[in-house]
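Structure first, commentary second.
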Amino acid sequence: MAENSYNFTEREAHWRRFWREQEIYKFNPESQKPFYSVDTPPPYVSADHLHVGHIMSYSQAEFIVRYKRMAGFEVFYPMGFDDNGLPTERFVEKKYRLNKNKISRAEFIKKCLEETKIGSQTYRNLWELLGISVDWSKTYSTIDRHSQKISQWSFLDLYQKGKMVRKDEPTFWCVACQTAVAQADLEDKEEQSFLNYINFTAEQDGRPLLIATTRPELLPACAALFVNPNDERYADLAGKTARVPLFDYSVPILTDEAVDINFGTGLMMVCTWGDNEDVVKTKAHNLPIRSTINPDGRLNGLAGEFTGLKLTEARKQIIEKLKEKNYLVKQEEISHILNVHERCGTPVELVKTKQWFIKVLDARAELLAQAEKMNWHPLFMKQRYLDWVRTLKWDWCISRQRYYGVPFPVWYCRNCGEAILPEVEDLPVDPTLTSPKIKKCPACGGKDFVPESDVMDTWMTSSCTPLIISRLFEDKKIQARLYPSSLRPQAFEIIRTWLFYTVVKSFYHHGLAPFFDIMISGHGHDEKGQKISKRLGNFVDPEKIVAQYGADALRYWATGANLGENLRYNEQEIKKGKRTTTKLYNAAQFCFSHFQNRDYAKLETKNLLPEDKWILARLNETIKKATADFDAYQYARAKNEIDEFFWSAFCDNYLEFVKYRLYREKPDETAKQVLYQVFWAISRIYAPILPFIAEEIYHLYFHQFEKAKSIHLCSWPKVIASLPQAPKEEKEFEQVIAVILAIRKFKSEQKISLAKEIPEFAADLPVSEKYFDFIKAVAKVEKIAVK
RNA sequence: GGGCAACUAGCUCAGUUGGUUAGAGCGUCUCGUUUACACCGAGAAGGUCGGGGGUUCGACUCCCUCGUUGCCCACCA
């Protein structure tokens with residue numbers, strides 16, 4: 001009957017409009033129900049190619065949200081967009097081929113704002129297409145005034161608590177983005193390189209001193225040579241001096257236990273700075289600083305004839321010169337891993353600059369302890385957080401020498417350098433556009449102030465999201481009910497950034513863990529299990545899938561992802577989802593045609609037949625399991641339970657069991673009551689996963705007896721408590737089903753249609769005679785014989 | 001180098017405190033239009049649960065070990 005079939009394209013569009021117009025997902029802050037707040041990940045609006053991976057990770061929180069809404073919580077599900085900071089800047093630079101130095105700050109920011117507007121609309125369209133039940137009246141963006149105000153308040157609060165400090169120290173520096181970056185912004189990259197063996201000269205006796213280095217371009221920045229005090233080869237060198245080749249200056253030779261005797265020649269060159277070891281040794285031995293790298297990645301005046309060269313070019317030319325002058329003894333090919341900036345892939349350097357830091361190293365123990373205050377789903381992801389906190393080496397650098405971000409609310413006294421801060425009620429401020437209210441520096445009385453022109457790390461803002469969303473409401477009582485958030489859903493790769501930084505903030509500001517539950521998702525992969533990437537072009541356009549199979553079908557696939565695990569794109573699963581919506585629709589047609597718009601909501605348990613008790617018992621079981629699964633964030637497992645019940649128990653068996661009672665001249669009213677109970681529960685239990693078809697079914701029939709204007713505002717199915725317990729009868733009925741299966745098998749083997757009545761069947765299972773009529777009616781047999 | 005996960009049918013995956021004959025979907029094969037649905041139904045074939053040890057009356061499940069894959073972290077001047 002094609003004219004009755006479910007036109008998902010038209011109906012899904014209809015319900016999308018309905019949900020929007022009726023504000024079905026609007027949060028009611030006046031509600032007395034317990035709140036359930038979701039600290040939704042604000043996506044980077046710079047993502048210009050949304051794919052099924054995004055669908056997967058965002059629908060995971062959505063399944064839970066819809067469940068919680070039905071389970072009696074007042075759900076607060078806002079949406080944010082992360083549109084400040086480097087990701088957006090890099091995106092705009094690439095898209096328009098801009099260079100931040102060749103465009104005015106104002107113009108650049110304008111472009112960024114334009115792009116973020118486009119980006120957020122793209123996201124919203126996709127989320128609505130999928131039926132993500134966000135309250136779109138409550139949104140924020142990380143560059144808006146509200147977020148800026150909270151980020152700046154966070155700065156002031158941490159400053160007053162002594163956790164925010166300005167340090168003039170070697171810091172990770174990206175020469176491509178020309179900004180300081182944090183430890184968490186680094187990524188590993190394997191590189192083929194050379195270990196160069198280079199001769200220094202001992203100044204006391206003129207003998208050659210062979211060192212090994214991968215960074216010959218740092219020769220002009222050499223601070224000292226080091227040997228292990230236990231290294232007999234160099235026992236006489238300690239305290240003497242060496243001459244640096246090419247650059248011809250004197251450096252001390254010192255000892256340090258940390259020098260690996262077996263690496264290279266055992267004689268180590270320490271520069272300012274090639275890596276963390278250099279920083280450690282420079283500090284420990286109080287070495288003079290010879291910094292040679294400019295912020296733009298070119299060598300400074302210390303490099304003599306190599307001044308102005310970029311690092312890679314300098315390396316090449318210095319190697320040539322060393323060869324020429326016979327300082328280069330040999331080169332060994334090596335493969336090593338270096339730290340690159342994750343946004344651009346450029347190797348980071350260590351450059352001494354003045355930056356703002358949030359102290360995290362001295363709170364390591366407390367930050368580890370915070371992990372125990374939250375429920376991790378899955379639990380093993382907690383380990384990643386702990387590992388990260390344990391291995392932290394640097395405080396969190398939050399200054400970025402960029403344009404598009406939240407400004408620092410600070411000026412400096414030109415005379416003494418004192419930091420001048422605004423009052424909280426004046427936030428947000430842009431110090432480059434306004435002056436401080438106080439006219440005199442409290443430290444020295446100076447009257448001339450310099451604004452801080454750096455902007456904050458994007459995580460400085462997004463680490464405040466639990467506060468940002470709770471403060472979308474003015475009322476302090478509501479804020480208190482929304483913070484900490486109930487749930488933080490997020491992907492695993494930002495545990496060390498978003499998750500960690502949010503914990504830091506919440507701990508310093510309020511001494512609290514920022515959320516109660518954490519749900520960590522994996523990634524969507526392609527059919528072969530490969531990461532989806534722009535470069536490989538292996539991504540599937542969600543809009544095409546929705547056009548072909550419907551949003552419910554795509555969601556069905558996404559429900560298959562176990563928390564913390566990656567999910568392969570699988571078109572078969574999407575087809576299965578599509579078939580499930582069709583099956584639900586057809587089952588609805590069957591039930592509703594027998595209901596004829598009459599109310600069967602009341603269940604009279606005294607009239608129940610064994611098959612009724614059986615299906616109701618199975619339903620109770622399914623509700624129990626699905627509820628427990630959703631409560632444990634195990635929506636994939638819930639889906640399996642629900643599918644099994646609907647497809648097998650309900651459709652394949654129960655519907656067949658009751659047909660003979662429905663097609664009688666006087667149809668059985670009890671059967672209809674049971675059908676009502678079971679199918680109404682099925683409709684609701686599928687609603688978090690398949691919200692469109694669930695809504696369709698609701699409005700086809702149930703709506704006329706239920707008050708709620710949407711199935712998504714109805715209550716989650718409850719176990720039917722009034723069901724009489726009859727374990728013996730249930731067991732007997734399992735035997736009855738076994739006999740029916742045997743008859744089906746017999747017919748199948750005999751190539752007989754299941755609809756065809758056979759004269760006799762000999763059951764070799766013990767079944768009470770009282771079930772014979774039932775078996776005969778359901779399995780179409782004239783006579784049952786018992787062996 | 002340290003850590004975390006995974007390895008079950010041709011494919012994608014379930015299998016929750018150890019307990020009859022290890023399951024599903026898809027795919028394959030056979031059959032069936034049956035007054036919700038052929039986007040369906042019935043049935044069949046298909047697995048030494050990565051290898052090897054051990055604990056136990058009993059191990060896919062617990063322990064040890066090895067292997068493969070993926071991820072996270074640290075790295076050597």
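Only a predicted model underlies this, so the values are computations on that prediction, with no experimental measurement involved. Each chain gets a letter, A, B and so on, in the order its sequence line appears, and its residues count up from 1.
- The side chain of R744(A) places no N or O atom within less than 4.0 Å of a non-bridging phosphate oxygen (OP1 or OP2) of rG43(B).
- The side chain of K745(A) sits closest to rG43(B) out of rG43(B), rU16(B), rC13(B).
- Using a 4.0 Å heavy-atom distance criterion, E565(A) is classed as a sugar-phosphate-only contact.
- Residues F630(A) and F63(A) place their aromatic rings such that the two centres sit no closer than 6.0 Å.
- Shown are Y600(A), F592(A), F595(A), Y698(A); of these, the ring-ring contact (aromatic ring centres under 6.0 Å, His included) with W680(A) is made only by Y698(A).
- Here, rU65(B) and rG58(B) have their P atoms 23 Å apart, quoted to the whole Å.
- In summary, the aromatic rings of Y385(A) and W376(A) are positioned with their centroids under 6.0 Å apart.
- Position along RNA chain B of the nearest nucleotide to S593(A) versus L741(A) favours S593(A) as the more 5'-ward residue.
- For F226(A) and Y234(A), the ring centers sit 6.0 Å or farther from each other.
- One can find a donor-acceptor pair under 3.5 Å joining the base of rC37(B) and the side-chain atoms of K583(A).
- Proximity of N640(A) to the phosphate of rG15(B): no side-chain N or O atom is located under 4.0 Å from OP1 or OP2.
- Residue contacts for W273(A): at a heavy-atom cut-off of 4.0 Å it reaches no nucleic acid atom on any strand shown.
- Aromatic ring pairs are classed by plane angle as parallel below 30°, tilted from 30° to 60° and perpendicular above 60°; the pair F761(A) and F746(A) is perpendicular.
- Applying the salt bridge (charged side-chain N to carboxylate O under 4.0 Å, His left out) test between D668(A) and each of K672(A), R664(A), K666(A) identifies R664(A) as the sole match.
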List, with names and distances, any nitrogen or oxygen atoms from the protein found under 3.5 Å away from nitrogen or oxygen atoms belonging to nucleotides 22-30 of chain B.
from    : atom 1 : to      : atom 2 : distance (Å)
rC26(B) : OP1    : R579(A) : NH2    : 2.9
rC26(B) : O2'    : Q572(A) : OE1    : 3.4

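- In this structure, I495(A) reaches neither bases nor backbone, as no heavy-atom distance under 4.0 Å exists between it and the strands shown.
- Within 4.0 Å (heavy atoms only), C651(A) reaches at least one base atom of the nucleic acid.
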Query - Contact letters for nucleotides 71-77 of chain B, in which S counts primed atoms plus P, OP1 and OP2 and B counts the base, heavy atoms under 4.0 Å - result: BSSBBBB
